[in-house]
Amino acid sequence: MANIRISDDEPLEKAIKRFKRMVEKEGIIREWKKREYFEKPSTIKNRKKKAMIRKQAKKLRKTETTRR
């Protein structure tokens with residue numbers, strides 16, 4: 001959970017900016033977007049499988065270009 005302490009002489013805009021940076025760093029927004037909709041287990045499985053295929057293809061392309 002993100003929380004910040006504001007000192008008396010700190011401007012509010014700077015504190016808000018610091019809070020936003022902390023929220024972004026902890027991945028709270030990413031987690032919220034991930035849980036925004038229900039995703040069927042089969043859909044999750046397919047999405048992960050496609051991501052793995054893309055990752056392997058990218059790795060293969062990278063190794064082929066370095067060999068040339």
Side-chain angles (χ1 to χ4, degrees):
M1 176 148 209
N3 60 10
I4 58 168
R5 291 181 186 222
I6 303 171
S7 60
D8 291 336
D9 58 340
E10 185 177 18
L12 184 62
E13 290 82 23
K14 191 174 179 178
I16 290 172
K17 210 174 208 178
R18 197 159 45 100
F19 178 73
K20 282 183 177 179
R21 205 175 318 129
M22 184 177 283
V23 166
E24 193 172 296
K25 192 175 179 181
E26 290 187 6
I28 293 171
I29 294 175
R30 191 179 327 119
E31 184 72 24
W32 169 70
K33 284 183 178 181
K34 188 178 170 184
R35 294 177 183 225
E36 193 172 5
Y37 302 103
F38 173 75
E39 203 171 11
K40 289 176 22 181
S42 62
T43 309
I44 294 170
K45 187 177 172 184
N46 284 337
R47 184 171 42 80
K48 285 184 178 179
K49 188 176 177 182
K50 284 180 183 177
M52 183 60 75
I53 290 169
R54 276 196 310 268
K55 191 174 178 181
Q56 287 176 344
K58 186 177 180 181
K59 191 175 181 179
L60 185 66
R61 276 193 314 258
K62 220 175 199 179
T63 55
E64 286 178 356
T65 56
T66 55
R67 287 183 182 174
R68 291 181 188 177

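Values below: all heavy atoms of this structure, side chains included; hydrogens, waters and symmetry mates excluded.
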**Any Arg47 side-chain heavy atom under 4.5 Å of Ile44 side chain** = yes

**Remaining members of the apolar cluster that contains Leu12, side-chain heavy atoms under 4.5 Å** =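 Direct or chained contacts put Leu12 with Ile16.
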
**Item:** Spacing of Arg30 atom CZ and Glu24 atom CD [to the nearest 0.5 Å]
**Value:**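 If we round to the nearest 0.5 Å, Arg30:CZ and Glu24:CD are 8.5 Å apart.
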
**Fill in**
To the nearest 0.5 Å, atom NZ of Lys50 lies from atom CG of Asn46 at 6.5 Å

Write down the atom of [X], the atom of [Y], and the distance for their closest heavy-atom approach.
X: Asn3; Y: Met22; answer: O-SD, 3.5 Å
X: Arg5; Y: Glu10; answer: O-OE1, 3.9 Å
X: Ala15; Y: Ile4; answer: O-CD1, 3.2 Å

**Item:** Test side-chain contact (heavy atoms from CB on, under 4.5 Å) applied to Arg35 and Lys33, Glu31, Glu39, the passing residue
**Value:**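 Among the candidates, only Glu31 passes.
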
**Request:** Please identify each residue that fulfils side chain to side chain donor-acceptor pair (under 3.5 Å) with Arg21, with sequence neighbours left out.
**Result:** none

